[in-house]
Amino acid sequence: MPELPKVYDPKKVEDKIYHLWQKSGFFNPDKLPKTKNRKQKIKNYCIVIPPPNITGSLHMGHALNATIQDILIRWRRLQGYKTLWLPGTDHASIATQNAVEKELKKEDKTRFDLGKEKFLERVWQWKIKYGSLILEQLKKLGCSLDWSRTRFTLDNGYAKAVETAFLHYYKKGWVYKGKRVVNWCLRCQTSLSDLEIEYKGEGGKLWYIRYPLKTKSLRLQAKSYIVVATTRPETMLGDTAVAVNSNDKRYKKLVGKEIILPLTNRQIPIIADKAVDLKFGTGAVKVTPAHDRVDYQIGRRHNLKILQVIDETGKIINVENYQGLKALEARERIVEDLASLGLIEKIEDYDHQVPVCYRCGTVIELIPSEQWFLRMDKLAKMAIKAAKLGQVRFFPKRWEKVYFDWLKNVEDWCISRQLWWGHKIPIKGENDVLDTWFSSALWPFATLGWPEKAKSLKLKAKNDLNRFYPADVLSTDRGIINLWVARMIFSGMEFMKRPPFKDVYIHATVLTKEGKRMSKSLGTGVDPINLIKKYGADATRFGIVWQVMGGQDIRFVEDNIVMGRKFCNKIWNASRFVLMSKPAQIHTDLDFLGSQGGFAQLRKITVADRRILKALEKTMELVDNDLESFRFGPASRKLYNFFWHDFCDIYIEKTKSQEDKKNTQRILLYVLLTSLKILHPFVPFITEEIYQKLPIKDKKKCLMVG
RNA sequence: GGGCGGUUGGCGCAAUGGUUAGCGCGUUCGCUUGACGUGCGAAAGGUUAUAGGUUCGAAUCCUAUACCGCCCACCA
């Protein structure tokens, strides 16, 4: 046996070991060696990876999530389950299109300069580059994904799944086309769903505007008016009513009367509606059904005209004097004009929330637009039911509230987007594409071959679809519980009649040490690849998972990765110690603790021997329990304490003075081997490397399938 | 506006109502004993955010308050 170096060097080990794993084929459940457990049909275990967007490289959040999933998969694989962890990437329609547009901007070009065809070529080049970069990163981290099943949400088979799903809804009448007031991103030039907008606090103003009442006498008209408050005076051009609360005594007499809308001189009614808050502003609100969500609802209740005055470029239309002005320019002009007419009562400072695009941060305009929608009432009910019945369980449980709250009040989903990169709407004459989340909603079964394999599913044929659907665990970030998780659940219910996974594990969000969100644009991001280069993949995995406690956010500190590296070095040197004594071979499956023989047969077993064996057994049990309920941090601490303290500090020190060398060597080797097995899901590279050097009689090709 | 999470040694975090509140990093002191100085042994460092309450007993349960963070929301 060659002498091992004193310090563990991950660089010399990781690529070699990953290659060994890939060559073994054991990432693929169909190629796993037979064991007692794997012969049983029920012992399948599946995780579908949340496909990373191909917008760039992975950050620590991804690294944490990938580590968590790999721990679960390796743990179950070692237990004898037929494990599938299915890899892939997401075309991320709007996000990727924006990323490529940003790149073009550096060349002073827009997508329109290139034209659709050339632009899409460019996106495909981007996809090839970043798609493979992401998969490489996962490999560096040690992820045991079945690469033979790699999918992309825009590959040919996937397009078939999207088309099938869309047409299924279409035939049911759940997908429909209609003109609605939708969120419109002025930069991306597309509609967005309600979940795709964010709110940004803005120090704005509240203008109080006098709307003159229509009276018979002109003299009176100058004196009598109703005052409305607004943050967006320019939208008054599209007002088609003024609304007050029906219980508001101040305005009771005015309901049913008309006002003359300043600047346009249109006559519009004063109406009573429940949506109006008596306490805010003046209690009277201008109603612009074309450019405000609430106003649209009010308009529908009162049959008001929808008068669009802002177009999809953010400019004023349909009003002569302001035609072609940008909304903000129009605002200035209108306020000036109103002031010169003496119609501005007062102006107050007012902080409010402005909707912005979740991908590019541009202000959202609400405009009436012809779009495709998916009816949500029935689907939402199914999704709620699945969680209520416990078919889907959230960990930690509190996150199901976020899910229920959204589904209970959800409105129809606007699924069409005016983008170039994405799935085409499968209806003749439609050029628009689908919301990227429509396709990701099908991920857990589309990746397994749906709809092609659906027929054989009915025939109970053995294929991926019925073997690995539903998946056991979905591990993801809390930010996409509704955007993605909820939509996967109702899609699964609709197309597969079962929810797509049993457990939803919401992992911690990785923050900076200061408690700020990690973000590339803020320069607060930490690249896992740099950590892997510096400390090794195992150290990075162990260090980050060490911090996973009870669903709390993680403030990332590099100290923990340093700890991980030290721990790996400890594992390395304890193994060196055991190997240096040149122990005789032992049998892998020898049941030392059981009634079958093993240590029960050993005559001279010392107190220290008994203690370490007991501690090992206990640790195995506790770690299993922790992993059953996703307690990764506590599990890693138990492993650490057992190995470092019980095994190294106490037992190994003790063995140096134990007389029965042969017995001691056997026990040392047994405890080391078993420790490697329970450590392997957390630190796969180093444990595999050591395993390959251990004197085991019936050694498996890999510890991975130990 | 509503909801959720957090606040424990210098820093990052544990502790499932019950001994002296633990761990990692850092700090100080001592160890060149043949696995590891990325190590071993020891030590210092905490009125558990604040104020009340429940209890034989509270970091833990309850009620407020403060600060930090996140999510949702149609007060124009």
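As the structure is a prediction and not an experimental result, all values here were calculated from the model.
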Would you sort out whether A:E14 and A:K11 count as a salt bridge (charged side-chain N to carboxylate O under 4.0 Å, His left out), showing the intermediate values?
-> CA-CA 6 Å; A:E14 291 177 357; A:K11 282 197 196 72; over 6 Å; no
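Using a 4.0 Å heavy-atom distance criterion, A:V276 is classed as a base contact. Nucleic acid contact class of A:K656 (heavy atoms, under 4.0 Å, all strands): base. Backbone-only contact: A:D649 has heavy atoms under 4.0 Å from sugar-phosphate atoms and none from a base. The residue A:E653 sits close to a base: some heavy atom pair falls under 4.0 Å.
If you find the closest nucleotide of RNA chain B to A:L195 and to A:V7, the one lying nearer the 5' end belongs to A:V7. The residue among A:F280 and A:F577 whose nearest nucleotide of RNA chain B lies closer to the 5′ end is A:F577.
Taking the C1' atom of each, B:rA14 and B:rA59 are spaced 11 Å apart, rounded to whole Å.
Comparing B:rU38, B:rC11, B:rA14 by their nearest atom to the side chain of A:N569 picks out B:rU38. For A:W644, counting side-chain heavy atoms from C-beta on, the closest listed nucleotide (B:rC4, B:rG39, B:rA76) is B:rG39.
Distances shown here put a side-chain N or O of A:K6 below 4.0 Å from the OP1 or OP2 atom of B:rC36. Contact annotation: A:K566 side-chain N/O to B:rC25 OP1/OP2 distance is under 4.0 Å.
Judged by Watson-Crick or G-U wobble contacts below 3.5 Å, the nucleotide B:rC70 has B:rG3 as its partner.
A:K570 contributes a side-chain N or O that forms a donor-acceptor pair with the base of B:rC36 under 3.5 Å.
In this structure, A:F556 atom CZ and B:rG12 atom P are separated by 14 Å, rounded to whole Å.
For the residue pair A:N625 / A:R631, no side-chain donor-acceptor distance below 3.5 Å is found, with atom types taken as modelled.
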